[in-house]
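Every chain is numbered from 1, with letters handed out A, B, ... down the list of sequences.
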Number of protein chains: 2
Amino acid sequence: MIGIKDIAKIAGVSVSTVSNVLNGRKNVGKATRERILQICAEQGYHPNIMGKNLKTGRKNTIVFNFSEFDRYFYLKIINGVHDYLKDNDYDLIICTDKSSKNFMRSSFASGAITLDRKLSDDFLKSVSGKNFPIILMDRVIDTEYTKSVIVDNYTVMCELVQALVNKGFKRFGFIGGPDYTLDNKERFAGFEDTLKKNNIPFDYKYYFHGNYREESGYQAVKIFILSHSLPEVLVCANDDMAFGAIRALEENNIRVPQDISVTGFDDGDLAEMVGLTTVSIPRYESGYLAAKELLEMIGGAVNAGPFKFSAKINWRGTVR
Amino acid sequence: MIGIKDIAKIAGVSVSTVSNVLNGRKNVGKATRERILQICAEQGYHPNIMGKNLKTGRKNTIVFNFSEFDRYFYLKIINGVHDYLKDNDYDLIICTDKSSKNFMRSSFASGAITLDRKLSDDFLKSVSGKNFPIILMDRVIDTEYTKSVIVDNYTVMCELVQALVNKGFKRFGFIGGPDYTLDNKERFAGFEDTLKKNNIPFDYKYYFHGNYREESGYQAVKIFILSHSLPEVLVCANDDMAFGAIRALEENNIRVPQDISVTGFDDGDLAEMVGLTTVSIPRYESGYLAAKELLEMIGGAVNAGPFKFSAKINWRGTVR
DNA sequence: TTGTACGCGTTATCAG
DNA sequence: CTGATAACGCGTACAA
């Protein structure tokens with residue numbers, strides 16, 4: 001590995017001179033500067049970030065963390081994070097659950113954005129601090145150095161269900177995600193509360209515990225069919241389960257939306273293609289915003305409570 | 001920031017004793033060991049990764065690199081990489097173009113898997129070496145310490161086109177990706193060679209230069225329509241462009257597959273949903289394999305030429 | 001069993 | 001304008 005020493009030796013100068021050139025200081029002669037830059041380019045030299053950070057204590061690296069590989073919208077979030085950080089001259093490294101424990105440290109990075117429910121609240125609390133703020137995108141922990149940036153699931157779900165009620169639907173079904181996810185809790189709460197408000201009873205035989213995967217939506221409908229009773233409208237906690245539900249319905253010659261209406265949540269690329277009525281979440285923007293909030297906290301801003309960004313309903317063909 | 005020195009001071013021992021305890025060496029008395037661990041826990045001490053790596057060089061971290069956020073299959077590849085590395089007790093960190101320059105170094109990681117055409121051949125060559133082998137998933141550079149693991153685009157495209165020829169198609173169109181991507185070059189070569197082999201002329205007015213995005217497939221068809229001539233079958237270099245093409249066709253009341261057939265390449269989740277005839281690429285497996293090859297190179301194996309994994313045609317409804 | 005001295009790659013300080 | 005040297009936090013010989 002070629003280091004600053006090697007460059008200095010080749011150029012016949014001292015390491016300090018090379019360092020000065022590399023850091024754009026003005027106290028180096030033009031000829032020397034150019035010769036050194038030339039050599040660096042030729043040798044493909046890049047400063048060792050370890051040595052650099054060790055000395056300066058300054059870091060400009062942010063860790064993003066996730067561990068589920070079948071949620072494609074993560075890439076959109078990462079894209080938003082990436083763009084904001086790039087504009088502000090921060091490096092982004094993305095870790096999965098295992099490596100997170102090693103790199104989510106203030107000695108390595110200056111903050112983190114996390115979207116990984118495998119990381120425990122305790123871990124996140126213990127690792128966060130004044131010089132290591134954390135943005136949480138999958139939960140709310142209200143401490144001084146952690147801030148949540150999450151979807152306002154509840155409000156939009158209330159809107160969605162209210163609109164369905166207004167259309168005259170009475171028998172509702174719900175295909176939920178795992179109970180321990182905040183998203184599902186909020187989405188179901190909005191669903192349930194709105195029905196209650198409209199004095200529409202919800203029969204829990206129409207609740208299915210899914211896992212956000214297509215297959216579980218498929219299973220849900222198969223089970224509903226086996227029990228010989230289908231709701232009029234099936235509200236799904238995400239798109240993938242809605243797709244699974246639709247697949248099962250089609251296989252059983254139950255028409256969408258003539259016989260049953262279906263809604264999703266996410267508005268991924270497939271949703272538009274398939275014509276699914278769903279909730280559109282500004283993923284890119286949420287990542288961008290999360291990064292912005294993080295940098296502000298690094299700059300000393302204090303957590304002023306969770307930030308909830310709003311989502312929007314996209315009405316398409318799967319609702320009568 | 002509390003360091004090893006502080007722990008040593010509090011415990012009233014030397015730093016090396018603390019270091020020995022932390023690294024599980026046997027040369028420390030039981031009482032001392034326990035007292036030190038106790039203090040570390042109390043103080044919330046974690047070794048500074050920078051200092052640690054500077055000395056030892058991380059020996060079990062792999063860098064994965066990408067920089068395009070709208071190619072969802074990247075997550076599948078990453079999933080495969082992640083699983084193999086996890087089983088072999090390596091950490092994975094994912095970098096984008098900018099941070100790559102900092103972290104793709106033997107002083108930080110022990111190898112890399114790259115899928116980012118923003119990284120130049122020269123950069124990859126210069127950074128690779130005996131202590132830093134690189135697996136390339138987007139190009140072929142044949143050096144001792146870089147190995148390519150790529151899709152065998154050519155063979156499967158030949159198969160696809162031959163099958164289309166056998167079905168009786170004569171007027172072919174091609175919507176390609178960027179010329180500088182290996183994928184597109186190979187896919188087009190397979191397309192062109194097979195037509196030639198069958199003495200079927202290819203009219204270059206039916207070639208459209210796209211960019212792998214849905215929109216460019218849409219534009220391609222709009223332009224074909226404006227020129228008042230459509231091919232019988234439209235071979236697209238990836239699924240997304242095929243979707244765009246289909247959207248434009250539908251908007252113009254041109255039926256797929258009755259009026260025109262369409263094929264894609266990738267077999268993403270949408271393809272199955274939409275019923276697109278396309279080429280299925282084992283993404284997860286390719287990531288898994290890339291990781292396996294990398295660890296073998298780290299173990300001293302030499303590059304024995306590019307590894308091409310084969311893809312498979314999935315015939316669905318968009319071909320007559 | 002514990003302590004000392006040194007090196008890792010870099011930057012900052014200060015002397016020349 | 002340039003160079004020598006001391007940090008930074010940690011691991012590891014080797015000495016005590």
Novice: Would you please indicate yes or no on a ring centroid separation below 6.0 angstrom for B/Phe123 and A/His46?
Specialist: yes
Novice: Which atoms form the tightest heavy-atom contact between B/Val140 and B/Pro306, and what is the distance?
Specialist: CG1-CG, 3.9 Å
Novice: So does B/Glu296 pair up with B/Lys147, basic N to acidic O under 4.0 Å?
Specialist: no
Novice: Tell me what A/Arg33 touches on the nucleic acid: a base, only sugar-phosphate, or nothing, going by heavy atoms under 4.0 Å.
Specialist: nothing
Novice: Answer with yes or no whether B/Ser19 presents, from its side chain, a donor or acceptor under 3.5 Å of a partner atom in the base of D/dG11.
Specialist: no
Novice: Can you measure A/Asn20 atom CG to C/dA12 atom P for me and round it to whole angstrom units?
Specialist: 9 Å
Novice: Classify the side chain of B/Thr32 versus the base of C/dT2 as yes if they form a donor-acceptor pair under 3.5 Å and no if they do not.
Specialist: no
Novice: Looking at B/Tyr212, I'd like to know if the NZ or CZ of B/Arg71 sits under 6.0 Å from its six-membered ring centre while staying within 45 degrees of the ring's axis.
Specialist: yes
Novice: So, under a plain 3.5 Å distance rule, would you say the side chain of A/Ser14 forms a donor-acceptor pair with the base of D/dA4?
Specialist: no
Novice: Rounded to the nearest angstrom, tell me the gap between atom CG in B/Leu54 and atom P in C/dT10.
Specialist: 9 Å
Novice: Whole Å only: how far is the CD1 atom of A/Ile36 from the P atom of D/dT2?
Specialist: 8 Å
Novice: For the side chain of A/Ile4, starting at C-beta, report the closest nucleotide among D/dT2, D/dC8, C/dT11.
Specialist: C/dT11
Novice: Within the supplied structure, the quantity of interest is the number of heavy atoms (other residues, nucleotides, ligands) at a distance under 6.0 Å from A/Lys76 NZ; does it exceed 12?
Specialist: yes
Novice: Can you tell me which nucleotide in C/dT1, D/dC10, D/dT12 comes closest to the side chain of B/Asn27?
Specialist: C/dT1
Novice: For A/Met50 and D/dC10, give me the distance from atom CE to atom C1', rounded to whole Å.
Specialist: 12 Å
Novice: Expressed as a whole number of angstroms, how long is the span from B/Asn48:CG to C/dG9:P?
Specialist: 16 Å
Novice: Considering only D/dT2, C/dT11, C/dG3, which nucleotide approaches the side chain of B/Thr17 most closely?
Specialist: C/dG3
Novice: Given D/dG11, D/dC10, D/dA13, which nucleotide is nearest the side-chain atoms of B/Ser16?
Specialist: D/dA13
Novice: Picking from D/dG3, D/dT12, C/dT2, which would you name as closest to the side chain of B/Val28?
Specialist: C/dT2
Novice: If only side-chain N and O atoms of B/Tyr45 are considered, is one of them under 4.0 Å from the OP1 or OP2 phosphate oxygen of D/dG9?
Specialist: no
Novice: If you assign A/Lys5 and A/Val15 each to the DNA chain C nucleotide with the nearest heavy atom, which residue ends up on the more 5' nucleotide?
Specialist: A/Lys5
Novice: So, is A/Arg58 near the phosphate of C/dT11, with a side-chain N or O under 4.0 Å from OP1 or OP2?
Specialist: no
Novice: Using a 4.0 Å heavy-atom cut-off across all strands, classify A/Asn23 as base, sugar-phosphate, or nothing.
Specialist: sugar-phosphate
Novice: Rounded to the Å, how far apart are B/His46 NE2 and D/dC10 P?
Specialist: 12 Å
Novice: Between C1' on C/dT10 and CG on A/Asn53, what's the gap in Å once rounded to a whole number?
Specialist: 10 Å
Novice: Among side-chain atoms of A/Ser19 and A/Ser16, is any donor-acceptor pair under 3.5 angstrom?
Specialist: no
Novice: Starting at CD1 of B/Ile49 and ending at P of D/dC10, how long is that distance when rounded to a whole Å?
Specialist: 11 Å
